[in-house]
Amino acid sequence: MKFRSLIIKNIFRNKTRSLLAILGIALGVATILGLGLVTGGLAASTQQALTADAADFTVISGTSGGGGGPDGASGGGAPGGSGSPGGQQLINQTTISEIQQISGVGTAAGVLRTNVDLNDTSTNSSTNSTSSSTSSTSGSSNGNSGQGQGNFQMMYSVIGIDSSNLGLDDIVITNGTSFSNDNQVIIGEMAAQSLNKTVGDTIVLSNQTFTIVGTYETGNFQDDRGIVMSLGKLQSLTGNTDMVSLILVKAANGTDASTLADTIESKYPDELSTSTSLSGMERMNNGLEIIESGSWAVTLLTLLIGSIVVIVTMVKSVVERTREIGVLKAVGWTSKRILTMIMGESLVLALIAAVVGIVIGVGIVEIISIAQLIRGIEPAFSAVLFLEALGVAIFLGIIGGIYPAYRASKLSPTEALRYE
């Protein structure tokens, strides 16, 4: 009888013991595979939920300057020129197309920002600022009547962006719809409360009347106290044709956002700079690390239990076959050959268990997925995960067989033959 055939035959001589060993390893493999499928899907779903639609970083000008307000007044500087102190130089809209062509860029969209005083509805005078931060200014300097020098004036943000790119700026419609033409706007929840406006009302900007078709939230105090309209319309109102305050960039799937930001900065040295939400990225990475750590903890526990099952099974096999091993040694089998036989049996058991475990693991995860017991999570199937499951089974086979094989190889033929 061939040596390999003997190994396989030995495994099934005691079917109950072998089936228990296979089941023990299979359950370990199924647990590891199932956890990998679920946690991989959970990590992907979490990352997608935390970064869905929103831009990964913004591109701003690296030099100072400013832009015009909604009425294009010269109170804060000439439109598109070196405007108000501390303002920000506008970016030519052609840069958006250039950035879009960079490898790894998924979406690039321009945004124009300014601030406006909506409390004075007779003039709706504005300040020239491309900054998204809330600002205050004295009424006399803006030409607003009835306000003395130094009086605090609450400003409202006005954001120009294409309606198809609202998600990039974390703008979520809470009521109504998005704007579909230049005569429509959406208003932030806080601005709507402050100005007592709702969907269907009108609002005057730069002596032009706009219809409010929706309300939105961003989670940002400044932006929620604002109004959003089409990019082209705000460019027209401010006189900043073909100019934007910043560019929102979302990396393509599989592209590292930080690396992409560095690439853009190196392509436009001393001209553009990038800004990323590092705190948000760190929170997301920490959350994913916790998920992975939990998965690894369960995996290590499974490996420990699986190893014990294999060791106990193989030790029992060696004990039951002590006399047989003594006979083999008496007829000339070397300790190395005995060790190889026991290790071979352990590995074959592990490989059979791996197949069974993979089938069980995939089957259970598919049942859970079809039954939608875990909503929002799709199993993350990958060749690497299946290879890991197979590797775990082989590892268990080797670890579980080392001691029993060593013990069998060291048996004395005379003692083994006397064993009852």
Problem set entry | Sequence-distant partners of N165, side-chain hydrogen bond (donor to acceptor under 3.5 Å, both in side chains), two or more places apart | none
Exercise. Between Q100 and G106, is there a donor-acceptor pair closer than 3.5 Å when you use the side chain of the first and the backbone of the second?
Worked result: yes
Problem set entry | Sub-4.5 Å side-chain heavy-atom contact between I360 and I364 | yes
For this session: For the residue pair T95 and Y268, establish whether any side-chain heavy-atom pair is separated by less than 4.5 Å.
Result: yes
Exercise. Is there a donor-acceptor pair closer than 3.5 Å between any side-chain N or O of S236 and the backbone N or O of G232?
Worked result: no
Exercise. What's the spacing between I187 CD1 and M229 CE if we round to 0.5 Å?
Worked result: 11.0 Å
Exercise. Is there a side-chain contact between D56 and V249 (heavy atoms, below 4.5 Å)?
Worked result: no
Problem set entry | With sequence neighbours excluded, residues passing side chain to side chain contact (heavy atoms under 4.5 Å, CB included) with N183 | N181
Problem set entry | Test side-chain hydrogen bond (donor to acceptor under 3.5 Å, both in side chains) applied to T94 - qualifying residues, sequence neighbours left out | N92
Exercise. Donor-acceptor pair, T174 side chain versus T215 backbone, under 3.5 Å?
Worked result: yes
Problem set entry | Nearest-0.5 Å distance, CD of residue E271 to CD of residue Q89 | 10.0 Å
Exercise. Should the heavy atoms of other residues, nucleotides or ligands under 6.0 Å from OH of Y406 be counted, would the total exceed 12?
Worked result: no
Exercise. Partners of Q193 by side chain to side chain contact (heavy atoms under 4.5 Å, CB included), sequence neighbours excluded?
Worked result: none
Problem set entry | No-hydrogen, no-angle side-chain donor-acceptor test under 3.5 Å, S194 and Y156 | yes
Exercise. I96: what forms a side chain to side chain contact (heavy atoms under 4.5 Å, CB included) with it, not counting sequence neighbours?
Worked result: Q93, A108, V244, I247
Exercise. In Å, rounded to the nearest 0.5 Å, how long is the span from CG of L260 to OG1 of T255?
Worked result: 6.5 Å
For this session: I would like to know whether N220 and D170 meet side-chain contact (heavy atoms from CB on, under 4.5 Å); could you show each step before the answer?
Result: CA-CA 9 Å; N220 179 292; D170 272 335; over 6 Å; no
For this session: May I ask you to check whether S230 and D182 show a side-chain donor-acceptor distance below 3.5 Å?
Result: yes
Exercise. How would you list, by chain and number, every residue that makes a side chain to side chain contact (heavy atoms under 4.5 Å, CB included) with S163, sequence neighbours excluded?
Worked result: S178, F179
For this session: Test I186 against every option in N175, T177, L166, V199 by the side chain to side chain contact (heavy atoms under 4.5 Å, CB included) rule and name the one that passes.
Result: L166
Problem set entry | CA sep, side-chain torsions, deciding dist, call: D169, T218, side-chain contact (heavy atoms from CB on, under 4.5 Å) | CA-CA 8 Å; D169 207 16; T218 64; over 6 Å; no
Seminar exercise, completed: Sorted by chain and number, sequence neighbours left out, side-chain hydrogen bond (donor to acceptor under 3.5 Å, both in side chains) with S103 holds for none
For this session: Please identify each residue that fulfils side-chain hydrogen bond (donor to acceptor under 3.5 Å, both in side chains) with E217, with sequence neighbours left out.
Result: none
Seminar exercise, completed: Closest non-hydrogen atoms of T202 and K197, given as atom of the first, atom of the second and distance, are O-NZ, 2.8 Å
Problem set entry | Separation of D224 CG from Y216 OH (nearest 0.5 Å) | 6.5 Å
Problem set entry | Full working for side-chain contact (heavy atoms from CB on, under 4.5 Å) between L351 and L390 | CA-CA 7 Å; L351 290 174; L390 182 61; 4.0 Å; yes
Exercise. Does any non-hydrogen side-chain atom of T198 lie less than 4.5 Å from one of I212?
Worked result: no
Seminar exercise, completed: dist I159:CD1 -> I171:CD1 (nearest 0.5 Å) comes out at 5.0 Å
For this session: Evaluate side-chain contact (heavy atoms from CB on, under 4.5 Å) for L112 paired with L90, printing each intermediate quantity in order.
Result: CA-CA 9 Å; L112 183 63; L90 298 180; 4.0 Å; yes
Exercise. Which pair of heavy atoms, one from A354 and one from A393, lies closest together, and at what distance?
Worked result: CB-CB, 3.4 Å
For this session: Indicate yes or no for a side-chain donor-acceptor contact from D256 to the backbone of T259 under 3.5 Å, with no hydrogens or angles considered.
Result: yes
For this session: Over all heavy atoms of both residues, which pair between I358 and V29 is shortest? Give the atoms and the distance, please.
Result: N-CG1, 4.1 Å
Seminar exercise, completed: On a heavy-atom basis, the closest approach of Q184 and F210 is N-CD2, 4.3 Å
Problem set entry | For I91 against S245, the heavy-atom pair lying closest together | CD1-O, 4.1 Å
Problem set entry | Distance (rounded to the nearest 0.5 Å) between K233 NZ and L231 CG | 13.0 Å
For this session: Specify the closest pair of heavy atoms between R113 and D223, including all atoms of both residues, with the distance to one decimal.
Result: NH1-OD1, 2.8 Å
